[in-house]
Amino acid sequence: MLENLFTNIAGLLRNLLDSAGVPPLWNDVTLLVVKLVAILVFILINALWLVLMERKVAGYMQARIGPNRVGPWGLLQTTCDIGKLISKEIPIPKSADKILFLLAPALVFVPPLMIFAAIPFGKDMVALDLNIGLFYVFALASLTTIIFWMGGWGSNNKYSLLGSMRVVAQMVSYELPMILSVLGVIMLVGSMNLTEIIAAQQNMWFIVTQPIAFLIFFIAAVAECNRTPFDLVEGESEIINGPYTEYGGMGFAMFFLAEYASIMIISAMATTIFLGGWLAPFGLTFIPSWLWFFLKMYVLIFVVMWFRWTFPRIRVDQLMGFGWKILVPLSLANVFVTGIGMYIYRAIGW
Amino acid sequence: MSDWAGVLIFLAVAVAFGAGGIVTSFIIHPRSIANQKFEAYECGVPTIGTTWVRFRTSYFLYALMFVIFDVETIYLFPWAIKYQSLGLFAFIEMMIFLFILIVGLWYAWKEGALEWK
């Protein structure tokens, strides 16, 4: 019953539209728009909630209780924050490139929303089952770089420019190990379709067969969304707030929400590729598949937040050195070892 | 309806959502005119010099390395998908391809292109 809750709702809606005499094409479009709105609401509620979770996690790790005044257990804190931010002025600096300056926060939410279209949230719960899903996700994730660069350059502020230079350098450096690390998985599955990747993990999650790839992927993904210990981009003590320095009001809120949306994306992707997605471990199928996906995603999100209060920020040279001299060779070696390993397996006849 | 039409719908809604947020904010936010507010937020004193200057070349070297390896990954993806049906020849060939790139990485490393100076 719960297992198929959302697919049943979708089926019901489709039947309803069919019986109302809506042509199949418009039926599809309507259903897609409903899914889209559901995903948008999902991202927004979770991103809002993640800001609170981050502050709560920080609070408990530092032996205090975090925000607890607005709403029960502080649950309405971030909702009120966004309400405040949307009613604040967005001051556009006199010297800024006004078009780029306003385009960046308007576009920063595009990649996260489009990536979520391809992520399977549960059994048969994927908005667009693309045959090159994995490639699509990486292509869109790298677009974020350009948006940060637009904001940083358009601000015409020295700190913003430094911050966006670092964004570009860091993101391009860590994108390589991230992409290379999933090659092993693609070789094992023989497809880039995310649904097929999950189906291939029926017997064993890829974290078991590709542990190194998981580590590389997760570290590189944390660096991709500029989280501690890789948050040189917005190192508050040296370059104020990186590319967002000049942003106020809704402009800042957009960047802020997009940052938390990208944490959700990396966790969701790591879950899908390495942790079996919505598959229930140990045959615990009485918990619905979408809840499993949600649980695994939140465990990884917690790990990302845990990182923040455990590791100090690293230096720029360490950042670049780690990416290029350790992660890139290691991920190439992983491709090589996977290739050899698959031959040996086949030779043994496993 | 093809999946890519769906991608277009997602793109349109995503852009509309972002732009809508900014436009809504512009409609409802209060306005106050204070010249100081529109100065660059740097050090509290009038900003000195132009921002858009020539930048250090370290970034450029990393970008070059990135382009080389990113093009490589484009070739690796189709190979990885068909890996199981391609047989030993394709594997060895791809290893030669990777070897050439690893030599390139080693050369860049040796020449100090990966050092942050």
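Just so it is clear: chains get the letters A, B, ... in the order the sequence lines come, proteins before strands, and each one is counted from 1.
- Heavy-atom distances place no part of R315(A) under 4.5 Å from chain B, backbone and side chain included.
- Chain B forms more heavy-atom pairs under 4.5 Å with one residue of K94(A), M165(A), M114(A) than with any other, namely M165(A).
- For chain B, no part of Q318(A) is nearby; none of its heavy atoms comes within less than 4.5 Å.
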### Task
List the steps and the verdict of side-chain contact (heavy atoms from CB on, under 4.5 Å) for V189(A) and I81(B).
CA-CA 8 Å; V189(A) 182; I81(B) 291 173; over 6 Å; no

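- No more than 12 heavy atoms of other residues, nucleotides or ligands lie within 6.0 Å of OH in Y75(B), so this atom counts as exposed by the packing criterion.
- The two residues P30(B) and S87(A) come nearest to each other via the heavy atoms CD-O, 3.0 Å.
- Scanning all heavy atoms of the two residues, the minimum distance from F336(A) to F91(B) falls at O-CZ, 4.2 Å.
- In this structure, the separation between CE on M95(B) and CD1 on I340(A) is 7.0 Å, given to the nearest 0.5 Å.
- Interface remark: M65(B) contributes backbone and side-chain atoms alike to the contact with chain A (heavy atom separation under 4.5 Å).
- Counting heavy-atom pairs closer than 4.5 Å to chain B, the top-ranked of the candidates G339(A), P91(A), P93(A) is G339(A).
- Neither the backbone nor the side chain of L140(A) has a heavy atom closer than 4.5 Å to any heavy atom of chain B.
- Note that the CZ atom of F77(B) and the CE atom of M192(A) stand 6.0 Å from one another [nearest 0.5 Å].
- F60(B) CZ: 12 or fewer foreign heavy atoms inside a 6.0 Å radius.
- Comparing F26(B), Y62(B), F69(B), W79(B) by heavy-atom pairs within less than 4.5 Å of chain A, the highest count is held by Y62(B).
- Contacts with chain B were tallied for L128(A), L113(A), D317(A), N131(A); L128(A) has the most, counting heavy-atom pairs under 4.5 Å.
- Ring geometry, Y343(A) versus Y83(B): the interplanar angle exceeds 60°, so the pair is classed perpendicular (tilted spans 30 to 60°).
- Here the side chains of L332(A) and E72(B) are in contact, with some heavy-atom distance below 4.5 Å.
- For the options M342(A), E246(A), M187(A), heavy-atom pairs under 4.5 Å to chain B are most numerous at M187(A).
- Within the model, atoms CG of L188(A) and CD of Q84(B) stand 7.0 Å from one another, a figure rounded to the nearest 0.5 Å.
- Both the backbone and the side chain of L76(B) come within contact range of chain A, judged by heavy atoms closer than 4.5 Å.
- To the nearest 0.5 Å, the span separating OG on S95(A) from CH2 on W52(B) amounts to 7.5 Å.
- With a threshold of 4.5 angstrom between heavy atoms, Y59(B) approaches chain A through side-chain atoms but not through N, CA, C or O.
- Contacts between L44(A) and chain B at a heavy-atom distance below 4.5 Å involve the side chain alone, from C-beta outward.
- Ranked by heavy-atom pairs under 4.5 Å with chain B, the first of L176(A), N156(A), L161(A), I186(A) is N156(A).
- The aromatic rings of Y136(A) and W4(B) sit perpendicular to each other, their planes meeting at more than 60°, with 30° as the lower class boundary.
- Atom CD1 in I90(A) sits 4.5 Å away from atom CD1 in I22(B) (nearest 0.5 Å).
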### Task
With side-chain contact (heavy atoms from CB on, under 4.5 Å) as the test, would you mind laying out the steps for V110(A) and F10(B) before giving the verdict?
CA-CA 9 Å; V110(A) 173; F10(B) 265 80; over 6 Å; no

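- Atom CD1 of I99(A) sits in a sparse spot, with 12 or fewer heavy atoms from other residues, nucleotides or ligands closer than 6.0 Å.
- Across all non-hydrogen atoms, the minimal contact from L183(A) to A80(B) is CD2-CB, 3.6 Å.
- For V185(A), no part sits under 4.5 Å from any heavy atom of chain B, backbone or side chain.
- Here the NE2 atom belonging to H29(B) is positioned 11.5 Å from the NZ atom belonging to K88(A), to the nearest 0.5 angstrom.
- Only the side chain of I102(B) comes within contact range of chain A, with heavy atoms under 4.5 Å apart.
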### Task
Go through the steps for V37(A) and V13(B) under the test side-chain contact (heavy atoms from CB on, under 4.5 Å), then give the verdict.
CA-CA 9 Å; V37(A) 172; V13(B) 172; over 6 Å; no

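- Contact annotation for L11(B): both backbone and side-chain heavy atoms come within less than 4.5 Å of a heavy atom of chain A.
- Using a 4.5 Å cut-off between heavy atoms, L40(A) touches chain B through its side chain atoms alone.
- Contact of F135(A) with chain B is made through the side chain alone, with heavy-atom distances under 4.5 Å.
- Only the side chain of A127(A) comes within less than 4.5 Å of a heavy atom in chain B; its backbone stays farther off.
- For K82(B), the NZ atom sits in a loose shell: 12 or fewer heavy atoms of surrounding residues, nucleotides or ligands are nearer than 6.0 Å.
- Ranked by heavy-atom pairs under 4.5 Å with chain B, the list V172(A), V335(A), T245(A), L102(A) is led by V172(A).
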